[in-house]
Amino acid sequence: MDHFHYQDNDLFCEEVRVSELAAQYGTPVWIYSKRTLLHHLNQIQQAFAEVDPVICYSVKANSNLGILKVMNDAGSSFDVVSGGELYRVKQAGADTSRVVFAGVGKTDAEIRYALENNVLMFNVESEAELDAIASVAESMHTVGPVALRLNPDIDAKTHAKTTTGKKGNKFGMDIERAEQLAEKVLSDKRLSLKGIHMHLGSPILTTEPYAAAVVKAAEVVARFRARGHDTRWINLGGGFGINYRQQEALPASAYAAVIVPTVRAAGCRLALEPGRFIVGNSGILVSQVIFTKREGGKLFVIQDAAMNDLVRPAMYDAFHRIWPVTPKVPAPQNFEADIEGCEPTDVVGPVCESGDYLAKGRSLPPMSRGDLVCTFSAGAYGMAMSSNYNSRPRACEVLVDGSSHRLIRRRESYEDLVAHEIL
Ligand SMILES: *Cc1c(COP(=O)(O)O)cnc(C)c1O
């Protein structure tokens with residue numbers, strides 16, 4: 001469930017008219033619903049409550065401080081993948097002793113920064129990284145808490161660019177290597193083996209990959225313990241799918257049903273790193289039509305959001321529901337069907353690339369210059385992946401809470417575009 005809905009062909013975010021937000025803040029604009037954010041976080045907290053998990057919201061999905069603050073206030077912890085993200089969660093008031101640090105290429109400076117902040121554990125991806133953590137920890141007279149990231153060789157059946165748990169991609173290590181490295185950790189006083197970590201890819205709309213992964217995790221934990229390691233944590237990463245097309249997402253309880261019993265039986269603590277599941281359906285991108293044109297037998301709607309704002313269609317062939325903010329045709333159940341009164345339309349942006357589109361051949365009602373367009377399910381990997389390509393200032397972000405709303409990132413100016421450059 002999310003809190004974006006049409007009332008008399010007028011789109012609302014919670015109790016606020018989206019057209020009024022666009023008038024006040026301009027376009028393109030990212031609009032987030034606080035209730036939807038909390039709804040999704042609460043769903044995970046409740047579904048897994050039996051094993052008292054640490055929920056580490058994955059900062060890379062959406063790293064705005066306003067969003068991080070909402071998460072922190074609601075009891076979420078954080079999964080960070082860089083020193084910059086660690087800095088952000090500190091700004092948002094996080095307790096860094098519950099933060100996990102992931103990523104395949106942590107620098108010594110980042111490792112030091114994380115140790116200074118007493119993070120819960122590093123998700124370690126290679127022997128070289130283990131050595132680096134040990135030597136930085138030694139120089140600081142401390143101990144590096146590590147979880148080994150397993151590549152369980154499970155096909156999560158996602159896009160090639162977002163699958164991470166299959167043999168042959170850059171993430172994690174196979175089980176044999178993890179066992180070798182566990183021996184190494186045991187004999188090294190500079191390190192302590194806290195647990196094991198996996199992240200299978202994203203988005204995953206079935207429970208089977210998690211069911212298989214948690215069983216592998218429990219087996220490895222049992223073997224580590226038999227050798228004398230105090231291995232307490234199973235971290236199953238993120239990747240829970242969301243509603244991009246219709247209502248295809250599973251509830252958090254479906255994932256919990258396959259994960260919780262095995263974690264309990266293993267006597268482990270559970271960490272999770274959900275990003276998309278929490279923030280994906282909590283955000284929309286609202287843009288305005290600049291021109292329409294017919295060319296080469298096609299209808300193009302050219303609007304003011306582009307691939308520099310939302311790169312997912314260009315990068316992952318991602319599907320986002322798109323519909324006018326004040327449509328003349330009610331929004332359909334199935335956005336992939338041919339819809340009466342609609343015409344196949346390419347929704348494109350102003351960037352000078354043929355890959356700059358939000359949708360292709362999409363059945364959409366007639367639109368004209370000045371109309372507002374909503375791209376749904378854009379809260380995750382939207383603004384976080386945006387750029388200034390074509391010297392386009394980044395859009396602003398607005399957080400809605402009931403009938404109130406506030407800016408959580410102002411729109412960039414032309415001055416901002418050149419602020420770091422030196423003549
Ligand atoms: C990206 C990532 C996540 C979050 O994935 P979502 O699909 O947004 O839930 C979690 N853990 C790791 C290690 C990641 O790289």
Side-chain angles (χ1 to χ4, degrees), residues 37 40-41 43-44 47-48 53-64 67-68 71 76-82 84-86 89 99-106 110 114 119-126 129 146-152 154 156-159 161-166 169-173 195-207 209-210 213 217 233-244 248-252 254-256 259 270-283 312 315-316 318 377-385:
L37 282 167
H40 287 98
L41 175 64
Q43 222 194 90
I44 297 183
F48 289 90
V54 173
I55 310 293
C56 298
Y57 167 69
S58 183
V59 174
K60 77 175 195 281
N62 187 317
S63 57
N64 184 293
I67 304 282
L68 300 183
M71 290 291 112
S76 179
S77 186
F78 299 97
D79 158 41
V80 302
V81 295
S82 69
E85 287 190 351
L86 181 54
V89 303
V99 166
V100 297
F101 195 147
V104 72
K106 304 173 189 75
E110 288 175 318
V119 295
L120 180 59
M121 52 198 166
F122 293 94
N123 297 334
V124 171
E125 308 233 4
S126 64
E129 181 187 337
V146 299
L148 299 176
R149 177 167 180 174
L150 295 183
N151 182 329
I154 290 170
K157 302 204 166 56
T158 63
H159 191 272
K161 286 178 184 161
T162 57
T163 190
T164 56
K166 267 293 278 172
N169 68 50
K170 72 177 177 181
F171 296 103
M173 59 187 81
I196 64 155
H197 172 246
M198 295 186 200
H199 171 67
L200 304 174
S202 181
I204 301 174
L205 286 163
T206 60
T207 58
Y210 292 97
W233 288 90
I234 292 179
N235 179 345
L236 287 177
F240 301 162
I242 66 165
N243 299 324
Y244 280 118
E248 69 266 36
L250 297 175
Y255 299 101
I259 292 171
L270 177 69
L272 292 169
E273 303 169 339
R276 191 190 312 269
F277 188 85
I278 291 173
V279 77
N281 287 134
S282 306
R312 297 188 70 257
M315 187 146 160
Y316 309 126
S377 308
Y381 308 103
M383 180 61 169
M385 293 178 85

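Just so you know, these numbers come straight off a predicted model, no measurement behind them. In each ligand, atom 1 is the first atom listed, and ligand 1 is the first ligand listed. Count residues from 1 along the sequence.
Distances below 4.0 Å separate heavy atoms of D79 from the following atoms of ligand 1: 10 (C), 11 (N), 12 (C). Residue contact check: R276 has heavy atoms under 4.0 Å from atoms 6 (P), 7 (O), 8 (O), 9 (O) of ligand 1. Per-residue contacts place G275 under 4.0 angstrom from the following atoms of ligand 1 (heavy atoms of the residue considered): 6 (P), 8 (O), 9 (O). Of all the atoms in ligand 1, the ones that sit under 4.0 Å from a non-hydrogen atom of G238 are 9 (O), 10 (C).
Counting heavy atoms only, K60 comes closest to atom 2 (C) of ligand 1 of the residues H197, K60, H199. Heavy-atom proximity to atom 4 (C) of ligand 1, evaluated over A271, P203, S58, is greatest for S58.
Contacts between F277 and ligand 1, counted as non-hydrogen atom pairs separated by less than 4.0 Å, are absent for every part of the residue. Contacts with ligand 1 closer than 4.0 Å are made by backbone heavy atoms (N, CA, C, O) of P274 only, the side chain lying farther away. Of the heavy atoms in N123, none comes closer than 4.0 Å to ligand 1.
Considering backbone and side-chain N/O atoms, G239 comes within less than 3.5 Å of an N/O atom of ligand 1.
Considering only non-hydrogen protein atoms, atom 7 (O) of ligand 1 sits nearest to S202 OG, 2.3 Å. With respect to atom 12 (C) of ligand 1, the closest heavy atom belonging to the protein is E273 OE1, 3.4 Å. Nearest non-hydrogen protein atom to atom 8 (O) of ligand 1 is Y381 OH, 2.6 Å.
Paired with V59 under the rule side chain to side chain contact (heavy atoms under 4.5 Å, CB included), one option of E273, M71, E85 passes, and it is E85.
Under a 4.0 Å N-O distance rule, the pair E129/K106 qualifies as a salt bridge.
Formation of a donor-acceptor pair under 3.5 Å by the S58 side chain with backbone atoms of D79 is not found in this model.
Residues S282 and L37 come closest through the heavy atom pair OG-N, 3.3 Å.
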